[in-house]
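Report on the structure given below.
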Amino acid sequence: MNPVATGTAPLVADPARLQDHIDAFAALSEPDSGPGVTRLAYTALERQAHAVFTRWMTDLGLRVWTDAAGNTLAERSGTNPDLPALGAGSHLDSVPNAGAYDGIAGVVAAMETARLFAEADIEHAFPIRFVAFAAEEGARFGQACTGSRIVAGLTGPDDLESKSDAQGVTLAEAMRSVGFAPHEVARARWQSADWAAFLELHIEQGSVLESTGTPVGIVDQISGSTRIMIEITGRASHTGGTPMHLRADSMTAAAEVVLLAESLANDTRHRGTRISVGKMEASPGSITTIAGRTRLYVDVRDIDSDRQRLTVAELVERAKSLCERRNVTFAATALADASPVILPRRLRDTVASTCTDLQIDYRVLPSGASHDSQMINHVVPTGLIFVPSRDGISHSPVEWTSADELATGTSVLAAGLLALDQQMRPHATA
Ligand code: GLV
Ligand code: MN
Ligand code: MN
């Protein structure tokens with residue numbers, strides 16, 4: 001065995017191998033689903049991606065298991081069996097028509113780290129668990145980070161029964177369809193005593209790193225997100241026969257709500273709040289029928305938790321009164337809610353000093369997107385490392401990070417884990 005202390009020759013991640021993994025996962029996409037990658041939460045394709053991760057880690061000699069939530073964990077033993085685990089990982093599911101990097105970058109970085117440790121015969125005192133989380137994206141069921149919420153004890157069976165996709169399939173049914181038992185998810189919960197620290201690598205999904213020419217970001221806080229569905233009901237009728245003044249048009253009211261959301265997010269009281277209506281469904285959905293019912297799916301994100309919830313309340317109040325004025329009815333349903341988090345200073349400092357040791361520039365920045373880190377930080381102190389996103393674009397087929405940038409981030413991840421292994425050892429084993 002080859003003990004590696006911080007400051008010794010760094011492990012160098014291989015860009016070509018990382019790219020091979022990225023390409024192999026990208027090939028696991030729903031056929032006929034349009035451009036980019038579509039590998040939604042709790043589908044057979046997501047499970048195939050977990051099988052790829054399992055095979056890789058098993059071949060490297062790690063102990064691999066899948067928990068009751070569908071998260072896959074691969075453990076490399078430490079030299080001290082009494083110590084809790086260090087961890088690293090991210091997610092393998094995608095939004096519809098995604099790129100190849102969101103979540104996947106962190107999993108392939110974990111896979112490459114496991115290979116580097118195996119090939120260099122690295123010795124560490126703490127066990128290291130590499131994790132591929134299930135169902136991080138909220139695109140299918142509204143709620144994000146289901147796998148990591150479950151391990152953190154933030155989501156249980158009732159929640160899984162109450163959330164559905166656009167086809168009416170509940171989260172619980174989807175889990176059952178790929179072999180998991182939603183009523184048993186409590187078995188997947190992590191105990192704080194079993195974990196020492198966790199690092200997630202992720203693409204930035206914003207343009208700060210690219211625009212400042214910085215290869216690595218260290219996240220200090222992650223935005224919260226509240227998601228609601230607004231249903232506006234008017235009266236479906238003939239587009240030719242119904243004069244303008246006799247309409248109860250749910251679509252025009254919905255359009256006004258979308259603009260209200262935008263103006264709310266842009267006013268000076270909400271600097272930094274982001275409100276988006278990313279999905280709207282009109283019914284009956286015919287060019288010759290006034291929309292009788294329109295549903296809007298609204299996502300409110302903020303790093304200030306009070307402002308996040310107050311903004312939602314204000315939007316609902318004002319949307320309701322504009323619907324009254326337009327003679328259509330209004331209803332709002334909560335879909336999901338996650339609070340912002342501040343990530344622990346200690347892990348940020350460790351990643352920063354790792355970057356300094358490796359002579360890699362970094363900057364500290366907040367995350368606008370949600371991450372598994374946000375959930376597991378409730379159980380285990382967690383650090384989040386960003387690598388650049390080209391043009392800041394994500395949740396799109398054009399999402400891209402170069403293999404070299406990914407390799408730089410992976411080297412930081414690998415060295416960061418070993419730095420934690422050194423720093424967190426109890427004196428007796430130090
Ligand atoms: C996860 O991708 C999110 O919606 O922030
Ligand atoms: Mn992600
Ligand atoms: Mn995402």
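Remember, it's a predicted structure, so these values are computed and weren't measured experimentally. Every number for a ligand or one of its atoms is a count from 1 in the order of the listing.
Using a 4.0 Å cut-off to heavy atoms of H395, the atoms of ligand 1 that qualify are 2 (O), 4 (O). Remark: ligand 1 atoms within the under-4.0 Å shell around heavy atoms of R301 are 3 (C), 4 (O), 5 (O). In the vicinity of E137, heavy-atom distances shorter than 4.0 Å reach the ligand 1 atoms 1 (C), 2 (O). If you number the atoms of ligand 1 from 1 as listed, the ones under 4.0 Å from a heavy atom of R227 come out as 4 (O). Taking every heavy atom of A369 and a limit of under 4.0 angstrom, the matching atoms of ligand 1 come to 5 (O).
The Mn ion (ligand 2) has an N, O or S atom of D102 inside 2.8 Å of it. Coordination check, E137 versus the Mn ion (ligand 3): passed, since an N/O/S atom of the residue sits under 2.8 Å. For residue H91, no N/O/S atom approaches the Mn ion (ligand 3) to within less than 2.8 Å.
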Run the numbers on R425 and N80 for side chain to side chain contact (heavy atoms under 4.5 Å, CB included), then give the verdict.
CA-CA 10 Å; R425 287 180 192 203; N80 183 342; over 6 Å; no
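Aromatic ring pairs are classed by plane angle as parallel below 30°, tilted from 30° to 60° and perpendicular above 60°; the pair H21 and W56 is perpendicular.
The closest approach between H371 and ligand 1 stays at or above 4.0 Å for every heavy atom of the residue. Using a 4.0 angstrom heavy-atom cutoff, Q374 does not count as in contact with ligand 1.
Within 6.0 Å of CD in Q359 there are 12 or fewer heavy atoms belonging to other residues, nucleotides or ligands. Annotation for R309: atom CZ counts as buried by contact number, over 12 foreign heavy atoms lying within 6.0 Å.
Side-chain contact, E200 with S373: a donor N or O sits under 3.5 Å from an acceptor N or O. For E399 and S394, the side-chain atoms include at least one donor-acceptor pair closer than 3.5 Å.
Taking 4.5 Å as the limit, every side-chain heavy atom of V178 sits out of range of all side-chain heavy atoms of E46.
Taking the six-membered ring wherever Trp is involved, the centroid distance between the rings of H371 and F386 falls below 6.0 Å.
Neither the backbone nor the side chain of H91 comes within 4.0 Å of ligand 1, counting heavy atoms alone. Neither the backbone nor the side chain of H202 has a heavy atom within less than 4.0 Å of ligand 1.
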